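Read the structure below first, then the notes.
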Amino acid sequence: MDQRSYELLKVLHVSEQPLSVSVLASRFSISRRAVYHDLDKVNEWLRDQHLSPVVHLRGVGYGLDEQTKTALQSLSPASTVTYILSPEERVSCMVFLLLCAAESVHVEDLAKSLEVSRNTVLEDLHKVRSLFAKYELEVVSVRGRGYVVEGEESKQRRLLFSILPPDFNAVDRVPWLLLAIRAAKFSSVQKDSKLITQLLTEAEREYGARFADEALSQLALKIVLVSRRIQQGAGIHLSEEEIAILSQTKAFQSAKQVCAKLPDILGSTFSHGETAFITQLILSTKVETVKVEDEDQPLKWVIRKMVQEFQMYACIVFSNQESLEHQLLVHLKPCLQRVRFGLEEEVPLTEHIQEKYRDIFQLTKRVIPVFENLAGRSVSDSEIALIALHFGGWLRKDEVQLTKRKRMMIVCIHGVGTSQFLKSKLEHVFTDIDIVEVVSKRQFERREHLNVDVIVTTVPLPKQDVPTFYVDPIIKDDQVEQIFRTMYPGGKPSTVTESAVDALMHQLESYAMVKDRARFRQVLQEWATSQQGTPVIHRAKRDLFSLLTEDVVQKLPSAENWQQAIQLAAEPLVQKEMISESYVEAMIDHVTTHGPYIVLSPGVAFPHGKPEEGVRELGFSLLLLDESVAFSEKEKHQVRCLVVLAPVDQEAHLHAIGQLRDVFKEGIPDQWIQAQSREELYAYIQQSVSKS
């Protein structure tokens, strides 16, 4: 019996009703003839085990009798020599043996263990080497030692974890793994895993979270495999800084508690570094409950931002948003650590989720950058798929249907930077269209089917069956306008639903106090409706004359320190309610964290923060001091002029910044320093800007 026949047997085993041939054919995407062929293999195996064959009920389907089902509970096809591994299972088995075998591995050993020919082993080794290469590892043959794996231990462990099946509680139901464990002379795996599961259960209290059942058994098996690697002399290397950070966590205390008892079970001693690695595994493991700590506040902010953006892009509003955010916190807290430590999960159903829940996946992918910024690394499609399931589950709970979203493809031959700029520009305008692919011309020409609604290209293409727009690499506003008018000939369809306005209200109320909520909602609804059919192509880029007005310019004798200098410089913007006090604090915090990076010209500093940290309106302010203030002990960090920037986005202030850069090309102009009053200083500023 092979893998597909075994899977068919498992389906019949768990089914309460007989299944027809057509249902089985659909389930496995095979022909009816192939189903009959697999049923023959299943019956042959059942007879070898002295069990009743599959029962056929005419007009109903195929099933197993209760006696056979009961017997199968304690019987695995892998326990017999009749099970035939698939090519994919052979590759997984070989990877396991190369990383966990008690002795050296040779071609003959692999052929004997897998019960295939030497030539088949050599063919499979090509696939095995390709898989190792994805993890920057190499399989080499060493005379007298057989096959040896070269590369970082952390990557070897990551590969080993990636091939393990998701259901670790049923190792004896995974034929290739059971075979690999035997061949690796690793007979105590299941017994040791159960003992470690008990240790982990006891350590949950120290950790302050309860592991998901399946994840608990996964973690136990991973620890057993780490022990085997240690016995092989393959220790992990973590930096002293990493170990120091991990040592401060509750998970480290749990790891110490577990590792102290592991020598009695596994015979391996776990060093301080290995304990830190087990800490990483604990932090990365899925949990069912989680205690919210102070250190989780940045993640909670990120989750709220993700939920708000998802609602905005989907034009919906979630009921009981706090519950959704807590559910995401439970999932994303360990996910954050998986991403940071490079221990992301390989989810077999990723492609299925991408296809079946395409719109939800694309929306999730669109809101994931804020989480990636926190993690410091990009997030894999597998992890995004799992997050998408949380959003999808909440949509189903609320019985909300997403509006059908159009799909766009970009064809660009001008490199990554240009294509990403083009993508970003189009995403900003077409919020209800998903840009599903950015491809080169050669990639486009190889496509047989285009499952998209519109194509934007920087290179001429033959006539296509969908609207195709040829644009400049740095797309012009009139070209964006043309795409918009073609896509929405009668004006953009109304997407301003009641829920969309509610979602926008929720976001606005996070930053401002609304006195008359009902009236404000009505005004917002009227404004949003009036915008239908009008593409928001760009924000007007303001120049320095319109931003640096006399009422935001100051000339003062001195400041006690650089912190007070920033506060004084920002005061006009605070008084005009263009920024909040929290924005001033954020500017100071950024310098405290990152150093005097804001000193960009001799004697000139440009304090600034992020728009979301408290900017209400685009603004600039300027302070000139008679006495310099020190941003560090270095001479080059002595500052007399501070220009506060309050940006509302990534673009609107850029023109004004360019003008300032010209003004301060050689430092602070002499006339400014000689000015005797604010009015005189402002007059000199106008002259300098005019010249620039």
Side-chain angles (χ1 to χ4, degrees), residues 76 78-81 83-85 87-133 135 137-165 168 171-172 174-193 195-196 220-237 262-271 274 277:
S76 168
S79 63
T80 74
V81 295
Y83 186 85
I84 302 171
L85 296 178
E88 293 75 20
E89 288 177 314
R90 290 201 303 270
V91 168
S92 296
C93 195
M94 291 169 71
V95 170
F96 188 93
L97 289 173
L98 286 167
L99 294 173
C100 292
E103 301 170 351
S104 58
V105 179
H106 301 266
V107 172
E108 293 74 15
D109 301 321
L110 294 172
K112 182 178 179 181
S113 299
L114 302 174
E115 296 185 340
V116 294
S117 68
R118 178 186 174 90
N119 286 339
T120 299
V121 169
L122 293 174
E123 289 177 8
D124 288 342
L125 273 170
H126 290 299
K127 300 174 187 175
V128 170
R129 284 194 167 99
S130 297
L131 182 56
F132 273 86
Y135 290 81
L137 301 170
E138 188 177 4
V139 179
V140 298
S141 179
V142 179
R143 183 182 292 274
R145 293 177 57 198
Y147 289 106
V148 175
V149 179
E150 296 182 347
E152 292 181 24
E153 174 62 15
S154 61
K155 293 176 180 177
Q156 294 192 44
R157 294 184 185 185
R158 186 181 172 197
L159 171 56
L160 178 59
F161 297 159
S162 75
I163 65 168
L164 298 173
F168 287 21
V171 169
D172 57 347
V174 185
W176 76 260
L177 182 55
L178 191 58
L179 188 153
I181 288 171
R182 281 202 202 118
K185 298 182 179 179
F186 208 175
S187 58
S188 63
V189 168
Q190 289 153 290
K191 181 187 73 175
D192 294 342
S193 295
L195 292 172
I196 294 173
L221 183 53
K222 287 177 181 178
I223 292 174
V224 174
L225 298 180
V226 167
S227 174
R228 172 55 68 97
R229 295 293 301 167
I230 293 173
Q231 291 168 3
Q232 293 172 327
I236 197 75
H237 174 73
L262 290 179
D264 295 335
I265 300 173
L266 303 173
S268 304
T269 300
F270 283 65
S271 66
E274 291 290 358
F277 180 74

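Because the structure is predicted, anything quoted here is derived from the model rather than measured.
- Distance check, rounded to the nearest 0.5 Å: CD1 of I223 to CG of D192 gives 11.5 Å.
- In plain terms, the two heavy atoms of V139 and R129 that are nearest each other are O-NE, 3.1 Å.
- S154 pairs with exactly one of Q156, R158, E152 by the side chain to side chain contact (heavy atoms under 4.5 Å, CB included) rule, that one being E152.
- Taking 4.0 Å as the cut-off between side-chain N and carboxylate O, E150 and R145 do not count as a salt-bridged pair.
- Across all their heavy atoms, L221 and S193 have their closest contact at CD1-OG, 3.6 Å.
- Side-chain atoms of Q231 never come within 3.5 Å of backbone atoms of S268 as a donor-acceptor pair (strictly under, hydrogens ignored).
- A heavy-atom distance below 4.5 Å is found between the side chains of L160 and F96.
- You'll find the side chain of V105 stays beyond 4.5 Å of the side chain of M94, heavy atoms only.
- Salt bridge R157/E153: present, at least one basic N to carboxylate O contact under 4.0 Å.
- When all heavy atoms of A101 and A184 are compared, the closest pair comes out as CA-CB, 3.8 Å.
- Side-chain N or O atoms of S117 include one that pairs as donor or acceptor with a backbone N or O of T120 at under 3.5 Å.
- Distance check, rounded to the nearest 0.5 Å: CZ of R90 to CD of E115 gives 12.0 Å.
- Counting only heavy atoms from C-beta outward, the side chains of L262 and S227 never approach each other to under 4.5 Å.
- Under the 6.0 Å distance and 45° angle rule, K222 counts as a cation-pi partner of F161.
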* Asked: Passes side-chain contact (heavy atoms from CB on, under 4.5 Å), I236 versus V226? Steps please.
  -> CA-CA 9 Å; I236 197 75; V226 167; over 6 Å; no

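- Within the 4.5 Å cutoff, no side-chain heavy atoms of L97 are placed close to those of D109.
- Using a 4.5 Å heavy-atom cutoff, the side chains of V128 and Y147 are not in contact.
- In this structure, the side chains of K127 and P87 come closer than 4.5 Å at one or more pairs of heavy atoms.
- Taking 4.5 Å as the limit, every side-chain heavy atom of F270 sits out of range of all side-chain heavy atoms of F277.
- Using a 4.5 Å heavy-atom threshold, the side chains of E89 and L179 count as separate.
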